[in-house]
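Numbers here simply count residues along the sequence, with the first being 1. Scope of the values below: all heavy atoms of this structure, side chains included, with no hydrogens, waters or symmetry mates.
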Amino acid sequence: MKKAKDRRHINQLQIILFHIGLGFAANFSRSLMKIYVPLVFLFFLRRVIISRGKDREVLFAAAYFAGAEVFFRMTKALVFYETGKYAVMFFLVLGMFYQGFKRSAFPYVIYILLLIPGVFVAMNTLGFDANFRTEITFNLSGPLSLSIAALYCYGRKIRFREMLSLMDVMIYPLIAMTIYVFLYTPDRSLDTIATTSASNPALSGGYGPNQVSTALGLGVFLLYTRFLIPYKNKWVHFVMMFFLVAMAYRALLTFSRGGVFTAIIMAGVFTVIIYAVTSLKTKSKVTLKLLGTLGVTVGIWFFTLIQTGGMLGNRYENKDSLGREKEDITTGRLDLFLAEYKAFTDSPVFGIGVGKTKSYHEELLGTSLPTHNEISRMISEHGLFGIIALMILLCAPTLTKLQGRKNVYFYPFMLFWFLTVFHSSMRIAAPGFVYGLSLLSLVYTTHDQKKKKTSSLPRQQALPQR
């Protein structure tokens, strides 16, 4: 038994080292990533097909592509922009082909059906051409991937240690992305790049700071939970905690606040939950860890502040590069939101049609920026149908709690979905997939423990370690 555990820990260290090497390889030659993506897709597909535990392998495959999507985009490894979402959907649909989904997940079928009228409205407003198809796929790929993730995960049971392994699978490509971002912008050049307080693609691997901040923020949260629920192997734990600090540092350097604030809120909620479900002895350990976390966080903040010549402080204080207060703390998002609200009032029942908000922004604001808020986009483009669809997304997960299903990550994951789509829409697969993970039912005990009639998550025992 001990040999098997040691072998598993060695394998995990090898996987971590592989992804560190992948980050170096991507920096050396982006063309290598175009080969890697189909290879890793085939690798997971083979595992799903030959494995007896297909539910586990399907989730692992989807988790990897959800975690890797931003990294693959910034390295130009994807043939199609939405390949990451399509890969997530493919594996989850494959899982449903083998195992189906629960009938109680029917609200998510209704959710996707409610979005169809908006497509027909768009046919009249945009015309049925190449632009129409592009707008439809771009705007509906996110909601579709969310609905498929929810259908597959709703009420499905997995063991707690499998959930921890699932989160590790999401973290691995984020490790590669962190290495790549470090190599793309060495520390010695930060003072020449961070000359303004605006979001900076040059500090985000040459890609969109908002998406990079979101992905790194998710990685920070997942690793923070493993700080509180530590890895059993000290070397694995040490390496993962190193990347927790590295991801937090690079998330700050994107100058995009959304992913950072989301990670902080999720971590706070998870900490409260841990305090609520663990023994007094474990609470004391968590308290000591929190004091250490506070010290490290302050250290990262001031180090990054010095590295950027104070520009990071201006960003979070809503000031420009000269230290003057900015009028709009939302960086233009409020104007977009108000324009989309105006669109809803113009067509409150059926909405203005999928993809129409972009041209609506141009008409009202003189800019063709896409929406940054999935909530207002749903309401403006789908009208009353969009409001009902949103109510399903908010209310259906509550049923999983009322039915007695346990998931210690339920509230943090739901917050990640809501806060991310509120500031970044559904540009990446992660919010929809993580929403689905919140619907899983976690089993916290082993078969032997059940025989002893212990509860699945005792209030006076520590969470299990892996």
Side-chain angles (χ1 to χ4, degrees), residues 7-98 137 141 145 148-149 152 162 165-184 205-207 211-212 215-216 218-219 222 236 239-240 243 247 427-430 432-433:
R7 187 162 52 249
R8 185 168 66 249
H9 294 144
I10 291 172
N11 289 340
Q12 189 167 18
L13 283 171
Q14 289 174 339
I15 294 171
I16 294 170
L17 289 173
F18 171 81
H19 283 86
I20 292 173
L22 184 64
F24 278 94
N27 183 72
F28 175 75
S29 174
R30 285 183 174 183
S31 59
L32 292 175
M33 295 301 297
K34 294 182 179 180
I35 301 172
Y36 177 75
V37 172
L39 286 178
V40 75
F41 180 86
L42 292 174
F43 168 80
F44 279 110
L45 179 60
R46 179 180 178 276
R47 286 184 60 121
V48 171
I49 293 173
I50 68 174
S51 174
R52 292 182 179 179
K54 297 188 185 300
D55 54 344
R56 179 178 184 270
E57 296 300 330
V58 162
L59 284 171
F60 281 13
Y64 189 87
F65 277 93
E69 184 180 22
V70 176
F71 176 51
F72 289 162
R73 283 181 179 178
M74 70 167 55
T75 55
K76 310 296 182 185
L78 302 178
V79 178
F80 303 106
Y81 183 78
E82 302 287 3
T83 301
K85 290 178 188 172
Y86 296 148
V88 171
M89 287 188 280
F90 171 83
F91 283 110
L92 294 175
V93 169
L94 184 62
M96 285 189 278
F97 173 77
Y98 283 116
T137 56
S141 60
S145 64
I148 291 174
Y152 184 78
E162 290 178 337
S165 297
L166 177 65
M167 295 192 305
D168 286 342
V169 171
M170 294 183 71
I171 291 167
Y172 296 143
L174 293 174
I175 288 174
M177 185 177 79
T178 303
I179 294 294
Y180 177 83
V181 171
F182 266 102
L183 296 173
Y184 188 93
Y207 193 64
Q211 293 186 28
V212 176
L216 290 175
L218 176 60
L222 295 179
V236 173
V239 173
M240 287 299 205
F243 278 103
M247 288 182 192
R427 289 181 172 82
I428 60 177
F433 179 69

For Met247 and Ile175, the nearest pair of non-hydrogen atoms, with its separation, is CE-N, 3.8 Å
Any chance you could lay out the side-chain contact (heavy atoms from CB on, under 4.5 Å) test for Leu17 and Val239, step after step, and finish with the verdict?
CA-CA 10 Å; Leu17 289 173; Val239 173; over 6 Å; no
Closest contact, heavy atoms only, Ala68 versus Pro173
CB-CB, 3.4 Å
Any idea which heavy atoms bring Ala149 and Leu92 closest together, and the distance?
CA-CD1, 3.5 Å
Would a 4.5 Å heavy-atom cut-off, applied to side chains only, mark Val88 and Lys85 as touching?
no
Compute the centroid of each ring, for Phe90 and then for Phe41, and state whether the two points are separated by less than 6.0 Å.
yes
Drop me the distance from Asp168's CG to Met240's CE, to the nearest 0.5 angstrom.
4.5 Å
Pairwise side-chain contact, Phe65 with Met89, heavy-atom cut-off 4.5 Å (strictly under)
no
Taking every heavy atom of Ala66 against every heavy atom of Phe433, the minimum-distance pair comes out as CB-CD2, 3.9 Å
Does any part of the side chain of Lys54, heavy atoms only, come nearer than 4.5 Å to the side chain of Phe97, both counted from C-beta?
no
Check whether any side-chain N or O of Thr83 sits under 3.5 Å from a backbone N or O of Phe80 as a donor-acceptor pair, and report yes or no.
yes
Between Arg73 and Glu82, does any side-chain N to carboxylate O distance fall below 4.0 Å?
yes
Compare all side-chain heavy atoms of Val37 with those of Val79 and state whether any distance is below 4.5 angstrom.
no
Run the side-chain contact (heavy atoms from CB on, under 4.5 Å) test against Val70 and tell me which residues pass, sequence neighbours left out.
Met74, Met177, Tyr207, Gln211, Val212, Ala215, Ile428
Taking the inter-plane angle between the rings of Tyr36 and Phe18 on a 0 to 90° scale, is it parallel (under 30°), tilted (30 to 60°) or perpendicular (over 60°)?
tilted
Can you tell me if Lys34 has over 12 outside heavy atoms packed within less than 6.0 Å of its NZ?
no
Looking at every non-hydrogen atom in both residues, tell me the closest pair between Leu218 and Ala430 and how far apart they are.
CD2-CB, 4.2 Å
Only pairs under 3.5 Å count here: list side-chain donor-acceptor contacts from residues 19-29, not counting sequence neighbours, and write none if there are none.
unit_1	atom_1	unit_2	atom_2	d
His19	ND1	Ile15	O	2.9
His19	NE2	Tyr64	OH	2.8
Ser29	OG	Ser31	OG	2.7

Rounded to the nearest 0.5 Å, the CG atom of Leu222 sits from the CE atom of Met170 at a distance of 6.0 Å
Counterpart residues, side-chain hydrogen bond (donor to acceptor under 3.5 Å, both in side chains), relative to Arg46 (two or more places apart):
none
Side chains of Leu78 and Met33 in contact at under 4.5 Å (non-hydrogen atoms)
no
Heavy atoms only: give me the nearest Glu162-Phe60 pair and the separation to one decimal.
O-CE1, 3.8 Å
Aromatic rings Phe91 and Phe44: how do their planes relate, parallel, tilted or perpendicular, breaks at 30° and 60°?
perpendicular
Can you find a pair of side-chain heavy atoms, one from Asp55 and one from Val58, that are under 4.5 Å apart?
no
For the side chain of Glu69 and the backbone of Ala429, is there at least one donor-acceptor N/O pair under 3.5 Å apart?
yes
Do Tyr98 and Val48 come close enough that some side-chain heavy atom pair is under 4.5 Å?
yes
Would you sort out whether Phe243 and Ile179 count as a side-chain contact (heavy atoms from CB on, under 4.5 Å), showing the intermediate values?
CA-CA 9 Å; Phe243 278 103; Ile179 294 294; 3.9 Å; yes
